[in-house]
Amino acid sequence: MGVWTDLRVLRLDYALEALHSVTLGQWDWECVIDDSQKTLDTLKHHVCALYAALRGAIPSIQEHFAHLPLLPDDITFVHADDVLCEYPDSSSHEHEYNMVKKHGAIFLIGIGSNLSNGKPYEQRAPDYDDGMTETGNGYRRLNGDLLEHNPLRDERLELSSMGIRVDSRTCRLQFEELINRTAEVSTEFQKEVMGDRFPSCIGGGVGQSRVYMLLLRAMHIGQVQVSPWTEQERAHWMERSVTLL
C-alpha cells in the first residue's frame, strides 16, 4: 500500500544553469512497510526496483534513438563511510563523480547523519529519513541517493533520493545529533511524527527531467523541459548547437 504524486513546483530562487531550472517535476512516492522491514535489505530492494524501471525504458527509447548507449546492467551499492575512507580529501561531489565514473551507476547509502569523522555527509532534515538505525559492520543509516554517470557531460547526475522514514525515536536522536537540541514539534507534520501517528514507510523522489536528460543524453535540462531562460543562457547554448525549449 502506498501513494505516488506527479509533483510540479516553481523554484524562483534557484540559479538557472544546465542542471537547474525554475520548474521542478518530480515523482514522489511513499510505500507502507512493516516495522520488521526497516532494514538495509528493504532499502536495496526498492532501489533495485527503481533502477530496473529505468532500464526498462531503454528498449522503447532505442526504437527511436538507436545510437543511445545502455545503462549499466547493475547498480553498485556504496556506503558514504567507505567513500570517505577512499577519498578523504575530496568534496562530496568530487568523490561522487569518482565513484560514478568507476561504476557507472551507484546508490550512495548514508546521507544526512554524522559519519565516522563526526560530520554529516550532506545536510538533510532530521525529521526526514532514518539515519540512526544500525545496519551491521559498524554502519548505520537507511537512506541514500541514486547517482549515474552522464557521459555526455562527464559528470555525476543525481536521479533520486530515498529512504526509510523516521519514527519518534530516530527523529529525536537525529535532532540531538545534528543540531544539538531536542526534537522540535513546531509543525503539524512533526507532531504526527513524534506521536508515532504515521505508519512505517519508505519513500523518495525521482527527478523527472534528470531522468530524461540521462536517457536522452541531453546536455542541458532546457532540452527536456519548458522553463524560462535568460537571453544570455539561450545564446550561450545556441553557440554550442543546443536549443533550449
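Note: hydrogens, waters and symmetry copies are ignored here, and every other heavy atom, side chains too, is used. All residue numbers in this chain count up from 1 along the given sequence. All figures in this text were calculated on a predicted structure; none of them were measured in a lab.
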Give, for atom [atom1] of [X] and atom [atom2] of [Y], the distance between the pair rounded to the nearest 0.5 Å.
X	Y	atom1	atom2	value
Thr76	Leu147	OG1	CG	11.5 Å
Gln223	Leu245	CD	CG	8.0 Å
Ile33	Thr39	CD1	OG1	7.5 Å
Ile106	Asp74	CD1	CG	14.5 Å
Glu148	Asn150	CD	CG	9.5 Å
Tyr51	Leu159	OH	CG	9.5 Å

Residue pair [X] / [Y]: nearest heavy atoms and the distance that separates them:
X	Y	value
Arg8	Gln26	NH1-N, 4.4 Å
Glu233	Ala18	OE2-N, 4.1 Å
Leu43	Gly163	CD1-CA, 4.1 Å
Cys201	Glu30	CB-OE1, 3.8 Å

Hydrophobic cluster identity match, [X] and [Y], side-chain contacts under 4.5 Å:
X	Y	value
Val211	Leu7	no
Val242	Met213	yes
Trp4	Ile202	yes
Leu152	Ile58	yes
Leu19	Tyr97	no

Can you find a pair of side-chain heavy atoms, one from [X] and one from [Y], that are under 4.5 Å apart?
X	Y	answer
Lys38	Ser200	yes
Leu10	Leu24	no
Phe175	Asp127	yes
Asp6	Gln208	yes
Pro72	His103	no
Arg141	Asp81	yes
Val193	Val166	yes
Leu50	Leu146	yes

Compute whether any side-chain donor of one residue and acceptor of the other, for [X] and [Y], lie under 3.5 angstrom apart.
X	Y	answer
Gln225	Ser209	yes
Tyr128	Asn143	no
Glu96	His93	no
Thr170	Asp130	no

Give a yes or no on whether a salt bridge exists between [X] and [Y], defined as a side-chain N under 4.0 angstrom from a carboxylate O.
X	Y	answer
Asp73	Arg55	yes
Asp154	Lys101	yes
Arg165	Asp129	yes

Determine yes or no for a side-chain-to-main-chain donor-acceptor pair under 3.5 angstrom, with [X] supplying the side chain and [Y] the backbone.
X	Y	answer
Arg153	Met219	yes
His79	Arg140	yes
Ser161	Asp145	no
Arg210	Val206	no
Gln174	Gly131	yes
Asp28	Thr5	no
Ser160	Gly205	yes
Arg234	Thr243	no

Handout entry: Parallel, tilted or perpendicular, as decided by the 30° and 60° cut-offs, for the rings of Trp27 and Tyr212
Key =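 It falls in the perpendicular class, over 60°.
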Handout entry: Crowding at CD, Glu134 (>12 non-hydrogen neighbours, <6.0 Å)
Key = no
Handout entry: Contacts of type ring-ring contact (aromatic ring centres under 6.0 Å, His included), residue Phe189, not counting sequence neighbours
Key =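 Here the qualifying residues are Phe198.
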Handout entry: Contacts of His220 that satisfy ring-ring contact (aromatic ring centres under 6.0 Å, His included) - sequence neighbours left out
Key = Trp229, Trp237
Exercise for the section: Identify whether NZ of Lys or CZ of Arg in Lys44 sits under 6.0 Å from the centre of the six-membered ring of Phe77 and within 45° of that ring's axis. Expected result: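 Relative to the ring axis of Phe77, which defines the angle, Lys44 lies inside both limits.
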